[in-house]
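Notes for the one structure printed next.
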Number of protein chains: 2
Amino acid sequence: MSRPHSGTALSAVDDPAPGCSTLKDCLHCSVRHLAVCSALSPDEVQALERVTISQPLPLGATLARAGEPRQHVYTLTSGALRLVRTLADGRRQISSFVLPGDYLGLTGSDHHRYDIEAIADSRVCRVALSQMKDLRARYPHLERKLLQRACQELDAAADAALALGRLQPAEKLADFLLRLAAREAPLGGNALRVTLPMGRGDIADHLGLTMETVSRTFTKLRQSGLIALPHLNTVEILDQDGLRELSADEGWA
Amino acid sequence: MSRPHSGTALSAVDDPAPGCSTLKDCLHCSVRHLAVCSALSPDEVQALERVTISQPLPLGATLARAGEPRQHVYTLTSGALRLVRTLADGRRQISSFVLPGDYLGLTGSDHHRYDIEAIADSRVCRVALSQMKDLRARYPHLERKLLQRACQELDAAADAALALGRLQPAEKLADFLLRLAAREAPLGGNALRVTLPMGRGDIADHLGLTMETVSRTFTKLRQSGLIALPHLNTVEILDQDGLRELSADEGWA
DNA sequence: CGATCTATTGAAGGGGATCAAAGCGAGTGG
DNA sequence: CCACTCGCTTTGATCCCCTTCAATAGATCG
């Protein structure tokens with residue numbers, strides 16, 4: 001995704017942003033911002049840091065609800081979130097899971113379009129919309145990075161649509177696991193050992209299945225020798241090529 | 001969506017862009033560009049026109065295939081396209097239908113991610129990637145408009161995911177018809193009379209159903225008095241509120 | 001160790017897919 | 001002008017997979 005940034009720019013920070021409990025928080029915060037908007041200039045980094053507030057978000061907490069007016073954009077620095085849309089009768093669709101480094105705020109609406117909920121103890125970086133607007137006007141480079149990120153998310157959304165519309169349960173799950181592995185790998189994780197921050201029900205609501213079908217499909221993949229399940233929330237990918245073949249791949253990413 | 005632009009800027013054009021058969025083509029072309037990137041300055045409009053080439057695309061023609069390197073971005077000026085992803089075994093997913101005014105080129109990949117096919121006699125405006133890059137660098141305003149458009153498409157993609165994953169056939173079709181009506185309305189169409197440029201099979205591959213189910217569902221909606229089908233490709237919306245209720249709405253857009 | 005939540009496994013039912021055939025409509029040629 | 005043909009759509013009958021409902025197993029925590 002984004003190549004690591006030389007840490008030197010961070011030394012320019014001289015005072016913690018308001019709301020940051022410690023300077024260390026701010027630094028951590030900034031590093032994650034860099035993961036999103038790679039190759040920013042020191043100038044841009046400083047400007048971002050000045051308006052950024054780090055905010056903890058315990059497991060189960062709700063950062064925003066669908067329909068509320070948007071006030072901030074966020075970057076996840078640790079933990080995991082889910083973006084949930086719920087129908088009147090309770091049916092849920094999880095648009096996506098948010099992992100550290102992900103940016104939250106690419107929408108055309110001035111209201112939240114889904115609930116944002118923490119599925120693990122998390123920490124987000126918060127920037128007020130108005131300040132973000134100023135920054136974007138001042139640093140065209142930042143805008144370009146956001147556009148780039150938006151385009152990548154559009155590609156991912158098209159992939160998800162293909163999976164939702166045309167893949168069978170086993171194919172959906174294989175596809176899901178491979179994507180998750182690919183996303184966790186650059187965060188320092190092992191590509192062959194995937195940690196699932198979400199429960200079976202959440203996976204089901206993401207893939208358009210029921211929890212039971214997800215569970216059964218996990219069992220089937222395990223019995224086929226494609227994966228192992230050392231713990232409930234840990235998947236070991238035993239046969240990456242097999243999974244890829246099963247997922248119908250969608251190759252040329 | 002985008003408010004109409006005063007036509008005066010167009011008078012600044014003094015020579016047709018290379019490849020345009022007539023000046024009228026260029027003007028038409030530009031008008032559509034304006035529909036996409038509303039409120040551009042006369043300067044920006046001229047710059048866009050200079051690098052734009054109008055290109056006809058007969059029904060059934062393929063503009064690009066998945067995997068090919070991307071060379072241009074496009075704007076559809078007339079007709080209709082479909083964006084198709086096909087699996088090895090023939091299963092298809094139509095990511096979206098492209099209607100006049102739509103922009104084609106918001107992707108993070110330098111290769112096409114789907115086949116682009118004309119489902120009606122069409123005409124596109126073409127701009128070389130390199131020239132588009134120059135334009136974007138020179139006019140930050142253009143970049144901002146593209147980002148805005150990308151965010152809107154992300155919202156639409158999330159809606160589509162909810163529909164694909166959690167709605168039943170009748171709900172999917174109701175949702176689809178309402179969205180199509182909303183898209184055709186600003187193009188001068190009647191919101192209560194929707195023209196379907198695509199066949200039943202295409203609708204099926206867009207909604208994750210089979211052609212048979214789509215057909216049966218059309219019949220059901222007609223028998224329920226929600227719609228009428230004067231011709232195969234014309235839908236009359238008789239009970240907009242009923243359709244909206246059926247589609248589970250997803251309200252707050 | 002028991003309580004509670006989540007995941008897994010089992011049995012039964014339904015809804016959409018699949019296979020197959022009949023309509024319908026536009027275009028063609030006699 | 002009509003008959004014919006070809007493609008697409010509609011309708012029908014059957015089947016299978018996923019859902020639903022229900023019960024068991026497992027994990028986490030007090």
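Bear in mind that the values here come from a model prediction, so they are computed numbers and not experimental data. Just so we're on the same page: letters track the sequence lines, and every chain starts at 1.
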Gap between atoms [atom1] and [atom2], on [X] and [N] respectively (whole Å):
| X | N | atom1 | atom2 | result |
| --- | --- | --- | --- | --- |
| B:Leu164 | C:dG16 | CG | P | 15 Å |
| A:Leu173 | C:dA7 | CG | P | 13 Å |
| B:Leu196 | D:dT10 | CG | P | 10 Å |
| B:Phe218 | C:dC24 | CZ | C1' | 16 Å |
| A:Leu209 | D:dC17 | CG | P | 15 Å |
| A:Met211 | D:dA23 | CE | C1' | 13 Å |
| B:Leu221 | D:dT10 | CG | P | 12 Å |
| A:Lys172 | D:dC17 | NZ | C1' | 12 Å |

[X] (side chain) and [N] (base): donor-acceptor pair under 3.5 Å:
| X | N | answer |
| --- | --- | --- |
| A:Arg200 | C:dT9 | no |
| B:Arg216 | D:dG12 | yes |
| A:Gln168 | D:dC18 | no |

Inset, instruction - Decide if atom CD of B:Glu68 counts as having more than 12 heavy atoms of other residues, nucleotides or ligands within a radius under 6.0 Å. - result: yes
Legend entry - A:Arg166 vs A:Met198, nearer the 5' end of DNA chain C by closest nucleotide: A:Met198
Legend entry - B:Arg149 NZ/CZ over B:Tyr103 ring centroid, <6.0 Å and within 45° of normal: no
Is [X] close enough to [N] that one of its side-chain N or O atoms is under 4.0 Å from OP1 or OP2 there?
| X | N | value |
| --- | --- | --- |
| A:Thr219 | C:dT9 | yes |
| B:Thr213 | C:dA17 | yes |
| A:Ser215 | C:dA7 | no |

Examine the side chains of [X] and [Y] and answer whether a donor and an acceptor come within less than 3.5 Å of each other.
| X | Y | result |
| --- | --- | --- |
| B:Arg91 | B:Thr86 | no |
| B:Gln93 | A:Arg166 | no |
| A:Arg193 | A:Thr234 | no |

Legend entry - Whichever of A:Leu232 and A:Pro169 has its nearest DNA chain D nucleotide further upstream toward 5': A:Pro169
Inset, instruction - Identify which nucleotide among D:dT19, C:dT18, D:dC21 has an atom closest to any side-chain atom of B:Thr210, counting heavy atoms from C-beta outward. - result: C:dT18
